[in-house]
Amino acid sequence: MFDNLQKGLSRVFSGFGRKKKITEEDLKETLREIRKVLLEADVALSVVREFLSKVEEKAIGADILKDLKPEQTIVGIINDVLCELMGPVDHAIPYNTKRGVTVVMMCGLQGSGKTTTCGKLAKWFVKKSNKPLLVAADLQRPGAVEQLRVVGESIGVSVYSEEKGRPQKVCQRAVAHAIDKGFDVVILDTAGRLAIDEELMRELKDIHDLTTPEQVYLVCDGMLGQDAVKSAKGFADRFEIDGIIMTKLDGDARGGAALTVKSVVGKPIKWIGTGEKLEALEEFHPDRIASRILG
Amino acid sequence: TLVGKTIDRDILDSVLEVLIEADISPVVAEALVSELEANYKRTVIESEEQLTTFLKEKLKEQLASRPCDLIVADKPPTVILIVGVNGSGKTTSIAKLAWLLREDGKKVMIGACDTFRAAAVEQLRIWAERTGSLFETKGQGADPAAVAFSATEKAIEQGVDVLILDTAGRLHTNKNLMAELSKIKRVVAKKIPEAPHECLMIVDGTTGQNALVQAMEFKKATDVTGLFVTKLDGTAKGGVVIRIHREIDIPVKFIGVGEKMENIKPFDAGDFVEALFS
Ligand SMILES: Nc1nc2c(ncn2[C@@H]2O[C@H](COP(=O)(O)OP(=O)(O)OP(=O)(O)O)[C@@H](O)[C@H]2O)c(=O)[nH]1
Ligand SMILES: Nc1nc2c(ncn2[C@@H]2O[C@H](COP(=O)(O)OP(=O)(O)OP(=O)(O)O)[C@@H](O)[C@H]2O)c(=O)[nH]1
Ligand SMILES: [Mg+2]
Ligand SMILES: [Mg+2]
């Protein structure tokens, strides 16, 4: 693992020449190389800085300048800091036994994979013997309700939708419908929106306040770049996010956005999307994404 | 204030930060900053804008050298193939192109070659209706190449000016899906040898460095002739296109600035570069 980082680091280390121990300047050079790898992997600049200062702190703490095998120690530290920042592993979904339904609200930028992921989560719940209800809360994208309806049909999960109405009211009525009809999980598929869209963010907050979801998941595209900081912060600043789902990680994007979003939101990455089919949802493992980001 | 100072590490770092945060590739950003440093070595900075003006000029140089207009076929229909990764904004961007062409009095047909994703045909059908475009489909599950072929045939028969083909989102790492795209291109060329005359790759403006390899791979599969960068109404800057333009020689032709069909703008290098620094 860590191909790209290993390559970059061995270039730096070979530059140290025959000496066994490294100097402060060598450490600085090493940090610059790590920075290069992380930026090319799409980790946000501010998060890279935070990462490097943690690595430097640990390296100094591990007495790296006296170390006879500094390269091994540094790679070990990088891996540890990355896993520490990407973890903990937490795939649990707290069920609400008081009101009889557990509400999960999905939100995120346009095209991030929310509707598909709603289907994936519904399928996951069915496997765990739950009775989920999908709710078509995107009333603005052409064909969005139909898309969720087709998704639900393909996995035998009911979809709640209304001919017309505001998303807030549709969601509120959907929860009441779920309790009434004996569904135990409600998954709200909301419309994609920009974090800077005041009106739509207020709509999302309304949905949140009216349905009091047990879980709010931010669905993020695995190929996001530096903007991941702003968009994640935009959502996290409005209401409590409980988990992150990174999609489209079946591609070759390095996925640095995972580190960015995790660091900004401060909540666990619960799952990753690894394909278009509704089975393509995997539990998140920090060590796997760590080695991917490091190339 | 920078005035009266000479360039130092802190100033260069803060400039580098702006470039990197705009998703300009780190290697391109470093090169620009080195150029800046070389140019202003030992000179005293006269105004705050001096450094950004220098950078803006350099960036505009990298973007402005290619024509950004849509390619027009010698005789109609002009066929435009739309490709790109999942969720980038292909279907919505087609609506925008159709709207633009319709405003210009053109007869437009849209072909539904995304026969895979749930309700893809329905989504496109609604946009065809809203833009007053003809719509060619064989329904969900049909062979995309068959739809492309018959749409091309019908476009010729019905005297259409522009035929725009929607395709399913796909990751460039999926060999089979990329081969399917090449097949769609070949099949269209069977009907009109020079078609598709234009192949626009839709790039999500929030995408990071992966956009470069996307452009490389899609270009191999369908000879991409232009980029359409979407979602620039958000906070993302789309700086990845600079390297795509430079290393893969594909110009940006349009940008998407919203979810409505009117939210399309022809690419303007000057505006784009100004926005990188705003
Ligand atoms: N390859 C791949 N494609 C995915 C994944 N998740 C979603 N997609 C695809 O990404 C595209 C967008 O997915 P949607 O579910 O429509 O995204 P959305 O967030 O609901 O979009 P909006 O509602 O418009 O904001 C579709 O083509 C999906 O099939 C994934 O994990 N891998
Ligand atoms: N804010 C904003 N949203 C956009 C823009 N272009 C597209 N979108 C939104 O992005 C989402 C995905 O758009 P689609 O047109 O379905 O994307 P697609 O590439 O066809 O998706 P697949 O066919 O599933 O791969 C929708 O919610 C669109 O409204 C844009 O310029 N700005
Ligand atoms: Mg959706
Ligand atoms: Mg589409």
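Every value quoted in this text rests on a predicted model; they were computed, and no experiment measured them.
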pair [X]-[Y]: side-chain heavy atoms closer than 4.5 Å:
X         : Y         : value
Gln209(B) : Met223(A) : no
Arg141(A) : Thr92(B)  : no
Arg130(B) : Pro142(A) : yes
Glu146(A) : Gln123(B) : no
Asp250(A) : Thr173(B) : no

Does any heavy atom of chain B fall under 4.5 Å from the side chain of [X], the backbone, both, or neither of them?
X         : result
Leu224(A) : both
Arg149(A) : neither
Glu276(A) : side chain
Asp42(A)  : side chain
Asp197(A) : neither

I'd like to know which of Ala120(B), Gly234(B), Gly239(B) tops the heavy-atom pair count under 4.5 Å against chain A.
Gly234(B)
Return the option, out of Glu122(B), Glu259(B), Gln140(B), with the maximum number of heavy-atom pairs under 4.5 Å with chain A.
Glu259(B)
Find the one option among Ser112(A), Ala144(A), Ala253(A) whose heavy-atom pairs under 4.5 Å with chain B are most numerous.
Ala253(A)
Largest heavy-atom contact set with chain B, pairs under 4.5 Å, which of Lys36(A), Glu153(A), Gln110(A):
Gln110(A)
Is the number of heavy atoms from other residues, nucleotides or ligands under 6.0 Å of [X] [atom1] greater than 12?
X         : atom1 : result
Lys233(A) : NZ    : no
Lys205(A) : NZ    : yes
Arg32(A)  : CZ    : yes

Can any side-chain N or O of Lys230(A) pair as donor or acceptor with the backbone N or O of Ala236(B) at less than 3.5 Å?
no
Please check this pair: side chain of Asp23(B) against backbone of Gln226(A), looking for a donor-acceptor N/O pair closer than 3.5 Å.
yes
By a 4.5 Å heavy-atom criterion (distance strictly below it), what part of [X] contacts chain A: side chain, backbone, both, or neither?
X         : value
Ile126(B) : side chain
Val213(B) : side chain
Leu16(B)  : side chain
Arg117(B) : side chain
Val85(B)  : side chain
Glu21(B)  : both
Asn174(B) : neither

Distance, nearest 0.5 Å, that separates [atom1] of [X] from [atom2] of [Y]:
X         : Y         : atom1 : atom2 : answer
Asp233(B) : Leu194(A) : CG    : CG    : 5.0 Å
Leu171(B) : Lys248(A) : CG    : NZ    : 8.0 Å
Asp252(A) : Gln214(B) : CG    : CD    : 8.0 Å
Thr207(B) : Asp221(A) : OG1   : CG    : 6.5 Å

Over all atoms of both residues, closest heavy-atom pair of Ala119(B) and Gly143(A):
CB-O, 3.9 Å
Nearest heavy-atom approach of Lys231(B) to Gly111(A) is NZ-CA, 4.1 Å
Just by distance, with hydrogens left out, do Asp227(A) and Thr206(B) show a side-chain donor and acceptor under 3.5 Å apart?
no
Taking it one step at a time, do Glu17(B) and Arg49(A) satisfy side-chain contact (heavy atoms from CB on, under 4.5 Å)?
CA-CA 11 Å; Glu17(B) 181 171 319; Arg49(A) 286 211 192 97; 2.6 Å; yes
